[in-house]
Amino acid sequence: MTASPEPMKERIPGLCFGVAAAALLATAKADLLYHMEQFSLFLPKREFLASFMEQPGGLLELVGAFLTQFCHYPVIGAILIALCLWLLSAMVQKACNLKDGAALLALIPAVFMLLFIMRMDYAVYTMRSYGMLFSQILGLTAAVSLAAAYRNCCMSSKAGSCMIPIISIIGFPLIGIYAFIACLLMIITDDRHRIVNIVSFAAFTVTIPLICAHFPGIYDRINPKYVFLSGMPFLDFPEGLFEALYPILLGVVSIIVLLFAGKASWKLSASIAAASLAVMLALTNWDADFRTVLGMERAAADENWDEVISLAKHSKKQTRAQVLYRNVALFEKGRLTEEMFAYPYERQQMSTSIDIAFICAAPVLHYCGMVNSCDRLSMEASASFTKNIFYFKLMARDALARGERELAEKYIDIVSCNIFEGKWVRRHRAFLEDTESMRKDKCFENILALMRQQSTEFDVVEPVELMLRRNFSNPEYVNEQVYEWQMATMLSWKDTQTPIYCMFNRQDMFPDAHITKGIAEAMALFVSMNGDRNLMVNLVDAMQSQKSILKKFSSFSNDINRTDDFQSDKAEQYFSKQYGRSYWLYYYFIDENEL
Amino acid sequence: MMRRLTLFLLLVSIAVSCTRGYQNAVPTHQSLSIYPDYAGTVVPANIAPLNFDIQNDADACVAVFTGKGISFSVKGPHIRIPEKKWKNLLADSHGHPITVDVYAKQDGRWDRFESIHIDVADEEIDPYITYRLIEPGYSNYGFLCLRQRDLTSFEENDLYNNEMVRERVNQQCINCHSFQDYNPDIFQLHARQTDGGTVIVRGKDGQKMDLKAGDLISAAVYPSWHPQENLIAYSVNATSQIFHTRGNQKTEVFDGKSDLILYDADKAEVSYIVNDSLSMETFPYWSHDGRTLYYASAYLPNFGADSSTDMSNLTGRIRYDIWSIPFDPATRSFGQPSIVFDASSDSLSAVTPRPSPDGRYLLSGVADYGSFHIWHESGDIYITDLETGETHPLDEINSTRAESFKCWSSNSRWIAFTSRREDGAYTKLYFAYFDKDGHVHKPFLLPQKDPQLNHRICLSYNVPEFTKGKSSWTPKRIASIIQSDPDAARFVAR
């Protein structure tokens, strides 16, 4: 049998799609790809590799976990995904024998598999399987490749009738349900052995999973309930399995339909392919908050605080996760109480029911010096979901900050097994060798300084904002870093008494200390509410260099007194226009419960 | 063909030349560093090969093992001892030391480190040990499994794991396995949350029980199966947890209330053993003759509390003592309790009593306060001589970090215990020889085919329990019981 060379014309659409997919992923989903790499793990160790074989279809997860490492550089990750998609479309073309104009239709399953990635949402914080970016594309590609090989090599021979048992027995443990998809495609393709194939298919697709599920000694670590979904990420989507996996289903159905497609004109094929692309783009998750949070997470991982602040500035409606990351970044830049009230106030709910504890609480608590709390949440997430580099890195840093050398070394060793973490590993190994260099590191310097403030001895399970509030509720002056967070949390929660004590306490110790804009505005308001004339005199003394704020507050105060309903939208618009983004607006127009 | 043969011979000669010449090595004063540290330990004659890694820098390494009449060498730095050679060596060395000479080649010169000696005890260890593997998490958990390890080889298998009921949201905790008199086919374990209940396995039969009966404050918690009777002593505990925000101790697990109950597996009845509102009793454990029940008890007025006190404010002051209560198996009645180890008088808290099967000694877990010593850095193992009543810490096996779970082998000559000494977070499983004179020897880490697994593993070893063989029960069989509806136990007043 000689294979006829594929005309160039038939290859071009696939190549164009590959390039477009890579470009789309590398631009619109770069931070998602980076996140998937950080929330994954690949250890070239026997026990780690063997653990994938405990589930049918584990090979897909294993290969996926390996390839996910390359998403550390999202462009490389995007190219790899695009290559897999291109390979899928090429195999579909072969398996479905799509020629001339119909070759364009081979892109449709790849488009749906791309949609599977493009639709990913906050569920990526609570994954229970590895390598999802690649595993499903590779599973479908393997299924179609087997069908294509069958069509080209076995269909006309006697061997055709025994391929379904062979693929079921060997394929199911390796690629799970995709082995049966391959068998299904073979049945549709092959008229000659159809009866035999249908009987084998019915027998093997039922018995093999059932043997795996119920026979002692085989697959002792699977839930029999999900054995027919083996190879698919069936535990990863708390907000609906079908909603998450329907692109894969569409991909499979489209291949089945394409088996009957025969010939189609270029025009018709182009229209259908374009329509599928439009559907893909329409159904893509374009949630700006999700994108911003992922961007902030990536920038924070690089300690690129300017980038976090820049993302916060460009986000019109901020969510809890954004506010937390933004405040950490402002703190690291030494501008927390100076600027934290100068950002857009408008809030929105995060479009997920996943607990924020699994989204951003651990890194936020880490940078706030609450390393025990960070460690707890990291361990909880590691225990509940896939173990990953992200939490191992945080726990290594927590251990370093606490002086737990052996534990830090253990986690750093694990992170070092991943091929693109060399820079991080070198930096943190250096801290391990020379703790003085860690103390001089800007970020660790802050963490170590903040660890000196621990007003509460115990944590309970509560929202991260309340954990911060409890931790920084003690008004005693410890150091500048702690003071910033004390005031930031107290002002956020509109505590009108303690900040006064806290600020004057500091002014007594350091009379020339600078009072930041946020604190100055808050003090003007709180002291005015307090009504104590001596306190006002002291405040005026302390704020000699910020008389303009006092003057502006005087005008604000008069306006507030003249306003009947200052909680109305009209009042908010007026005050926003007159006084800009200030603590006063935050105090009067933002419900702290939204935080 | 000739080129390939030449290449093969070249590779073989390079491999041979790398280790040739160590016989002419000169002694070095450098100290040898191996992981795990098996130097000076006493091991059972049926233990799996003690593979180790040489951590000294060297171009080549060799370890030479010499017994009474057998000697063989293994190339390093990763010393992986062939099982057959190891078994022969142990058989040859009963009651004698094995000498391990380590040679290292550097800059073309072979050095010989000071010899390591490993004594082989006359007494064997029970061939199997069952433990739970769990992340040292707080309130969440993911993968949990009860593993059976053949201590005479590296074979390990699941007795049960919670993957078989794994769901997107609902999880299952499994805990507190307990065997009757080292019998691998008579045991119990608890499942919590998904398909919760207590699995009672007796030979070929198994059933799931709901032991929360009458006015018990909880379902059954810490178990101890009577060595001869179908009776299980349990504690029932109202347990809470809070998390430390500072320091190297991470969490505090404590009881607000606790009592002791007896479950009669033949009649499916539960009854109180001790139910004192002014004390918290927990961690029951039967003596091997089944005539005494040991347990830990905290007397609330000792730390200014009563039955209505919120214990979360007193966690650092709660201290337990070890008590015993006589039991008559014929009448199934208990006598008057008496104190065995008055730890609280020394500002210590003693829990988890474990009497030796020969009835002479009692191990207990001791820390500054509290009952959950796996999270207490001060956690140590103490021993009480039940003949003299003297108690002292087992300094030979304690470390500066938490020692927690422990158990005796059926011949009372081996102690298995868990410790966080390596990294402070993950408990590892250790064994120590306890000789006839009551001396404990240097402990050794659970042997692994690849010893680095002990370093890499991100799971803790919990509740080690020896058995005399491998359980015939499989995870799928236990799962079928766990997924069935539980039978309710009946509460009876005594």
Side-chain angles (χ1 to χ4, degrees), chain A residues 43 45-48 54-55 126 128 213-217 220-226 234-238 241 370 372-373 375-377 379-387 392 395 399 402-411 413-414 417 451 454-461 467 470-471, chain B residues 134-145 157-169 171 240-252 312-313 315-316 401 420-426 448-450 452-453 455-459 473-480 483:
Chain A
L43 304 177
K45 304 292 175 193
R46 193 176 59 88
E47 71 277 4
F48 181 79
E54 288 164 1
Q55 310 270 338
T126 56
R128 292 171 197 271
H214 299 289
F215 205 81
D220 275 336
R221 288 184 176 177
I222 59 170
N223 186 344
K225 210 164 118 181
Y226 296 109
F234 52 87
L235 292 177
D236 296 80
F237 300 99
L241 187 61
M370 296 170 69
N372 274 17
S373 307
D375 211 49
R376 174 168 67 85
L377 294 185
M379 185 59 84
E380 299 286 46
S382 293
S384 304
F385 312 110
T386 51
K387 289 187 166 47
F392 277 128
M395 290 193 288
R402 281 196 304 253
E404 295 173 336
R405 193 191 147 78
E406 296 95 337
L407 190 58
E409 194 172 10
K410 178 189 181 98
Y411 292 137
D413 283 351
I414 291 170
C417 291
M451 281 172 70
Q454 302 276 340
S455 64
T456 50
E457 195 182 345
F458 294 111
D459 258 355
V460 290
V461 177
M467 288 166 78
R470 277 156 56 90
N471 190 62
Chain B
I134 182 175
E135 277 105 353
Y138 298 78
S139 43
N140 291 10
Y141 39 81
F143 170 68
L144 297 174
C145 68
N157 65 285
D158 285 1
L159 179 61
Y160 179 69
N161 65 70
N162 66 352
E163 287 288 290
M164 286 180 294
V165 295
R166 195 181 191 203
E167 293 282 353
R168 276 188 294 279
V169 179
Q171 297 295 299
S240 302
Q241 195 177 15
I242 47 178
F243 314 106
H244 288 277
T245 56
R246 65 185 92 166
N248 292 4
Q249 271 178 206
K250 317 280 167 60
T251 187
E252 210 56 70
S312 61
N313 300 318
T315 50
R401 287 174 172 152
R420 290 189 166 170
R421 66 190 59 192
E422 273 200 5
D423 52 41
Y426 294 88
Q448 302 281 14
K449 197 173 230 170
D450 175 5
Q452 292 301 327
L453 182 67
H455 176 63
R456 282 196 301 270
I457 192 169
C458 287
L459 296 167
W473 282 74
T474 63
K476 283 176 180 165
R477 230 174 124 199
I478 296 175
S480 69
Q483 286 165 336

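Since we're looking at a predicted model, the values are computed, not measured. Any value given below was found using the heavy atoms of this structure, including those in side chains, with hydrogens, waters and symmetry copies removed. Each chain gets a letter, A, B and so on, in the order the sequences are listed, and its residues count up from 1.
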Problem set entry | Heavy-atom pair of closest approach, residues B/Glu135 and A/Ser382 | OE2-O, 4.0 Å
Exercise. A/Ala383 and B/Asn140: which non-hydrogen atoms are nearest, and at how many Å?
Worked result: CB-O, 4.3 Å
Exercise. Under a 4.5 Å cut-off applied to non-hydrogen side-chain atoms, are A/Lys410 and B/Cys458 in contact?
Worked result: yes
Seminar exercise, completed: Among A/Phe48, A/Phe237, A/Phe385, the residue with the most heavy-atom pairs under 4.5 Å to chain B is A/Phe237
Problem set entry | Close side-chain approach of A/Arg402 to B/Lys250, heavy-atom, < 4.5 Å | yes
Problem set entry | Heavy-atom side-chain contact between B/Arg421 and A/Glu406 under 4.5 Å | no
Exercise. With only heavy atoms counted, which part of B/Arg420 is less than 4.5 Å from chain A, the side chain, the backbone, both or neither?
Worked result: neither
For this session: Ignoring hydrogens and angles, state whether a donor on the side chain of B/Tyr141 or A/Glu380 is under 3.5 Å from an acceptor on the partner side chain.
Result: no
Problem set entry | When A/Ala213, A/Ala408, A/Cys417 are compared by non-hydrogen pairs under 4.5 Å with chain B, the top option | A/Ala213
Problem set entry | A/Glu54 vs B/Glu163 side-chain heavy atoms within contact, under 4.5 Å | no
For this session: May I ask you to name which of B/Ile242, B/Asn162, B/Ile134, B/Val165 has the most heavy-atom pairs under 4.5 Å with chain A?
Result: B/Ile242
Problem set entry | Flag, side chain of A/Asn223 to backbone of B/Arg166, donor-acceptor distance under 3.5 Å | yes
Exercise. Side-chain contact, heavy-atom cut-off 4.5 Å: A/Arg376 with B/Thr251?
Worked result: no
Problem set entry | Options A/Thr126, A/Leu407, A/Asp413, ranked by heavy-atom pairs under 4.5 Å with chain B, top entry | A/Leu407
Seminar exercise, completed: Honestly, the part of B/Tyr426 sitting under 4.5 Å from a heavy atom of chain A is side chain
Problem set entry | Verdict with reasoning, A/Lys225 to B/Glu167, per side-chain contact (heavy atoms from CB on, under 4.5 Å) | CA-CA 9 Å; A/Lys225 210 164 118 181; B/Glu167 293 282 353; 2.5 Å; yes
For this session: Using only heavy-atom distances, determine whether the side chains of B/Thr245 and A/Asn372 contain a donor-acceptor pair under 3.5 Å.
Result: no
Exercise. Between the side chain of B/Asn161 and the main-chain N/O of A/Asp220, is any donor-acceptor distance below 3.5 Å?
Worked result: yes
For this session: For side-chain contact (heavy atoms from CB on, under 4.5 Å), just list the numbers for B/Asp423 and A/Glu404, CA-CA rounded to whole Å, side-chain angles, deciding distance to a tenth of an Å, and then say yes or no.
Result: CA-CA 8 Å; B/Asp423 52 41; A/Glu404 295 173 336; over 6 Å; no
For this session: Is it possible for you to check whether B/Lys476 lies under 6.0 Å from the centre of the six-membered ring of A/Phe215, through NZ or CZ, and within 45° of that ring's axis?
Result: no
Problem set entry | Side chains of B/Arg246 and A/Met451 in contact at under 4.5 Å (non-hydrogen atoms) | no
Problem set entry | Closest non-hydrogen atom pair, B/Pro136 against A/Met379 | O-CG, 3.5 Å
Exercise. Rounded to the nearest 0.5 Å, what separation is found between the CZ atom of B/Phe243 and the CG atom of A/Leu377?
Worked result: 9.0 Å
For this session: Identify which of B/Ser480, B/Pro475, B/Gly137 forms the greatest number of heavy-atom pairs closer than 4.5 Å to chain A.
Result: B/Pro475
Seminar exercise, completed: Turns out that what part of A/Phe234 lies under 4.5 Å from chain B's heavy atoms comes down to backbone
Problem set entry | Beyond-backbone contact of A/Arg221 with B/Asp158, side-chain heavy atoms, under 4.5 angstrom | yes
For this session: Compare every heavy atom of A/Ile414 with every heavy atom of B/Arg456, then report the nearest pair and how far apart it is.
Result: O-CD1, 4.0 Å
